[in-house]
Amino acid sequence: MSVKTITMSEAQIKALEKKLAHTKKRKTPPYAHYQYQTSDCVITAYQSGKVVFQGEDALALSSLWENEETSNIAQRYPQAGSDEVGTGDYFGPIVVCAALVTQADEKLLEELQVTDSKALSDAHIQSIAPRLMERLPHSLLILPPQDYNRVHESDNMVAIKCKLHNHAYTHLKRKAQGLPEAIIIDQFVSPKSYYRYLHAQPQVIRGIHFETKAESKYPSVAAASVIARYAFLTSFDRMCEQYAFTFPKGAGKTVDEAIVRFVKQFGKERLGEVAKVHFANTKKALKE
Ligand code: MG
């Protein structure tokens with residue numbers, strides 16, 4: 001027997017019940033919306049948004065539903081999506097953006113060729129992001145290196161990302177006076193771990209759809225990724241200006257060389273102002 005759990009929004013849970021209407025309804029367990037039984041699977045939808053498929057057919061049925069949901073969500077407006085930038089860069093901040101896109105924005109997004117920010121040149125991002133920021137309700141969070149290093153003393157990178165995404169959505173919810181049913185995160189962690197990292201947060205946005213490579217499938221995630229990348233580039237350029245220093249991006253060999261130069265010029269104690277110091281680059285470059 002196999003078991004598969006997926007997280008669904010309230011609307012998805014209702015839609016699933018409609019599809020199950022022809023099967024056998026069972027006694028509703030505690031904290032559940034409903035429980036149905038097909039010939040080879042028991043399906044329980046909990047109030048937490050978790051839907052558990054149990055039985056021989058669990059994997060096939062849940063993946064059918066997941067795929068169906070995916071294709072439905074792709075065309076469903078309004079939708080909110082979020083993405084983060086800077087997590088692979090030794091220098092510079094971490095930026096998370098959540099953006100809201102409606103059907104009416106679709107044409108503009110196509111016109112501006114909004115897609116995964118990794119597939120776009122910096123120049124293109126710099127030319128289109130201001131228009132997106134003007135048009136789309138969004139929440140943009142920038143965690144500068146000093147703050148990142150402080151938070152990282154107690155939280156790992158994944159926990160930090162979870163909290164930033166959640167914070168971006170709670171902020172967007174306030175700003176836009178509500179969130180749509182379709183909320184998508186470019187997946188960087190399992191839904192289970194995501195919600196576990198948020199257990200102590202005062203407000204947690206639930207019913208999120210997690211999918212890898214979402215920035216190339218969902219307009220809202222693509223727009224969020226472009227805005228986040230733009231904010232990252234802007235604060236990166238400002239940092240270069242402020243220190244009159246050419247910081248390289250990424251976490252490769254040129255970064256190691258830059259660490260040595262930076263420390264020579266400014267002192268090791270100032271590295272935390274510009275870099276995520278826990279990266280292996282620090283030790284490697286300074287031969288600690
Ligand atoms: Mg991403």
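In listed order, ligands and their atoms are each counted from 1. None of these values were measured; they are calculated from a predicted model. We count residues from 1, following the sequence as given.
- A 6.0 Å sphere centred on CD of E269 holds more than 12 heavy atoms belonging to other residues, nucleotides or ligands.
- Within D83, the N/O/S atom positioned nearest the Mg ion (ligand 1) carries the name OD1.
- Ring centroids of H165 and Y194 are separated by 6.0 Å or more, keeping the two rings apart.
- Here E84 fails the criterion, with no N, O or S atom under 2.8 Å of the Mg ion (ligand 1).
- Among the backbone and side-chain atoms of E215, no N/O/S atom is found under 2.8 Å from the Mg ion (ligand 1).
- The atom name of the N/O/S atom in D186 closest to the Mg ion (ligand 1) is OD2.
- The main-chain N or O of A251 is found under 3.5 Å from a side-chain atom of N281 such that the two form a donor-acceptor pair.
- Counting heavy atoms of neighbouring residues, nucleotides and ligands inside a 6.0 Å radius, atom CZ of R261 exceeds 12 of them.
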